[in-house]
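The next block holds one structure in the form of structure tokens; read it before the comments.
All figures in this text were calculated on a predicted structure; none of them were measured in a lab. Throughout, protein chains are lettered first and strands after them, A, B, ... in sequence-line order, and every chain is numbered starting at 1.
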Number of protein chains: 2
Amino acid sequence: MLSYTEENYLKALLQLTLEEGREEAGTNELAAYLGVKPATATAMLKKLREKELIEYERYGKITLRPAGRKSALEVLRKHRLWETFLYEKMEFTWDEVHEVAEQLEHIQSSKLVNKLDKFLGYPKFDPHGDPIPTAEGELKAIPRKTLSQIEVGESCVMVAVRDNSAPFLQYVVQLGLGINNKIKVLARQPYDAQLEIEVNGQKSTVSQKFAENIFVV
Amino acid sequence: MLSYTEENYLKALLQLTLEEGREEAGTNELAAYLGVKPATATAMLKKLREKELIEYERYGKITLRPAGRKSALEVLRKHRLWETFLYEKMEFTWDEVHEVAEQLEHIQSSKLVNKLDKFLGYPKFDPHGDPIPTAEGELKAIPRKTLSQIEVGESCVMVAVRDNSAPFLQYVVQLGLGINNKIKVLARQPYDAQLEIEVNGQKSTVSQKFAENIFVV
DNA sequence: TATATAAGTTAGAGTAATCTAACTATTAAA
DNA sequence: TTTAATAGTTAGATTACTCTAACTTATATA
């Protein structure tokens, strides 16, 4: 049985390594992601290694072992199903779901997870456009780019966001952006790291950094 | 902000004092109810007193102060709403809901509680027949007896159970009993502390102790 | 009203997760 | 190839909750 905290560390490792082509993560990176000090992460890493959930040695990189990956995928599945529930059934907005799902993802009941999945009609994606892992622990990673990688003059369709925080999502909404919206890149100022885009006829200027947090196809 | 544990102590105190006519509870009683040692309860009681949630002094009885009662009612409201959700929407059986609701009752989101209430159609009772506190913290205690108090030859209607544990509820189901069932008391053996009852034409013999856990009107 | 029993408390220790401050190892650049 | 910057670790302390063992207070009855 894993603690609430251990589940969070494993989920964080999964999300850090889910980023394309990555296999391993570092202690500081993990600590920053979870909002704890590196010393705290080191202590927990020793414990997770003891439980054979991760591969890790002093001053080395961290990778998930199969058992750790499985647990992390279960938590991620619950997180994304609960987000869908809140959005679809509880009238929550896009930017409100993440925080509450962070709590709900730790509820222990495989029966509940599967009934919830059924109740929601076996959704494949959560409200942020991210794929929901299956009960068997499969996660289909669809190939996608970020808005920052789109050439000037090209168009693309927004499929997901990288950042799930409320402030970020509120800004996305303010720009008139949303999942499945068509975005055209009008111009790029490399000097100033700015991007001019058009969505539903509405023109906006966003930073390169912002554009890296919008996933498109 | 209350911890998960503090919430559990307050809820336990509410449930112990909810029993008709009671206002106060004892340390050992509370500890037994929560499955901790008396020494542990003493430590927590000091903390809850410090936070002005309870009235309590060394070797004295414990009572909830208004703020403590309010918090406890909020947790109880969430517990009973989630039980209703699991039973009505997630296809859980009577004996499965309590355990998972014990976890769900600690989710912090007033928006979620109220949306859930709406989603369920503002239910007044949970699947065990217990009243659900309102958002304003009102709990209507309907006057009720236990099956053990019914005279021989009299009939009554089951409205709730005192014990929400799975083994107890499974036995209730096995006897053909359920909320709103009419129960007739056929005979009583005071010597042996046994009760002969009839439900839907099915006759059973149950202990006095069992009958004290069935609420009827 | 003395005293045995039940109820409740204190002291001291353990575990889980966190921190700060000081230290060590790795790496990348000069 | 030395060294400065970055990354990571250790030691020691803190907080929250729990325990056991020994002790104290309240109570109930003989």
> When you check every protein heavy atom under 4.0 Å of nucleotides 6-13 of chain C, what one-letter string (B, S, -) results, 5' to 3'?
Replying inline: -SBBB---

>> Closest approach to the side chain of Val36(B), judged atom by atom: which nucleotide of dT18(C), dT18(D), dT20(D) is it?
In response: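 That would be dT18(D).
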
> Can you name the side-chain contact (heavy atoms from CB on, under 4.5 Å) partners of Gln174(A), sequence neighbours left out?
Replying inline: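 Partners of Gln174(A) under the side-chain contact (heavy atoms from CB on, under 4.5 Å) test: Tyr171(A).
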
Rounded to whole Å, how long is the line connecting atom [atom1] of [X] with atom [atom2] of [N]?
| X | N | atom1 | atom2 | result |
| --- | --- | --- | --- | --- |
| Met1(B) | dA16(D) | CE | P | 15 Å |
| Glu50(B) | dT15(D) | CD | C1' | 16 Å |
| Tyr4(A) | dA16(D) | OH | C1' | 16 Å |
| Met44(B) | dA16(D) | CE | C1' | 8 Å |
| Glu6(A) | dT18(C) | CD | P | 10 Å |
| Arg49(A) | dG8(D) | CZ | P | 14 Å |

May I have the list of side-chain donor-acceptor pairs in residues 209-217 of chain B shorter than 3.5 Å, sequence neighbours left out?
| unit_1 | atom_1 | unit_2 | atom_2 | d |
| --- | --- | --- | --- | --- |
| Asn213(B) | ND2 | Lys209(B) | O | 3.2 |

Using distance only, find each side-chain donor-acceptor pair of residues 84-91 of chain A under 3.5 Å and give its atom names and separation, not counting sequence neighbours.
| unit_1 | atom_1 | unit_2 | atom_2 | d |
| --- | --- | --- | --- | --- |
| Thr84(A) | OG1 | Arg80(A) | O | 2.7 |
| Glu91(A) | OE1 | Lys115(B) | NZ | 3.0 |
| Glu91(A) | OE2 | Lys118(B) | NZ | 3.3 |

>> Give me each pair satisfying salt bridge (charged side-chain N to carboxylate O under 4.0 Å, His left out) with a member in residues 53-73 of chain B, each pair once, sequence neighbours excluded.
In response: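 Listed by first then second residue: Lys70(B)-Glu74(B).
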
> What pairs meet the side-chain hydrogen bond (donor to acceptor under 3.5 Å, both in side chains) rule with one or both residues in residues 97-112 of chain A, with sequence neighbours excluded?
Replying inline: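 Every pair satisfying side-chain hydrogen bond (donor to acceptor under 3.5 Å, both in side chains) with a residue in residues 97-112 of chain A: Glu7(A)-His106(A), Glu7(A)-Gln108(A), Asn8(A)-His106(A), Lys11(A)-Glu102(A), Lys11(A)-Glu105(A), His79(A)-His98(A), His79(A)-Glu105(A), Glu83(A)-His98(A), His98(A)-Glu102(A), Lys111(A)-Glu96(B).
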
>> Using a heavy-atom cut-off of 4.0 Å across all strands, would you classify Tyr9(B) as base, sugar-phosphate, or nothing?
In response: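 Tyr9(B): backbone/sugar contact only, no base atoms under 4.0 Å.
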
>> Can you give me the closest heavy-atom contact between Gly68(A) and Leu10(A), atom names plus distance?
In response: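 Minimum heavy-atom separation between Gly68(A) and Leu10(A): O-CD1, 4.1 Å.
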
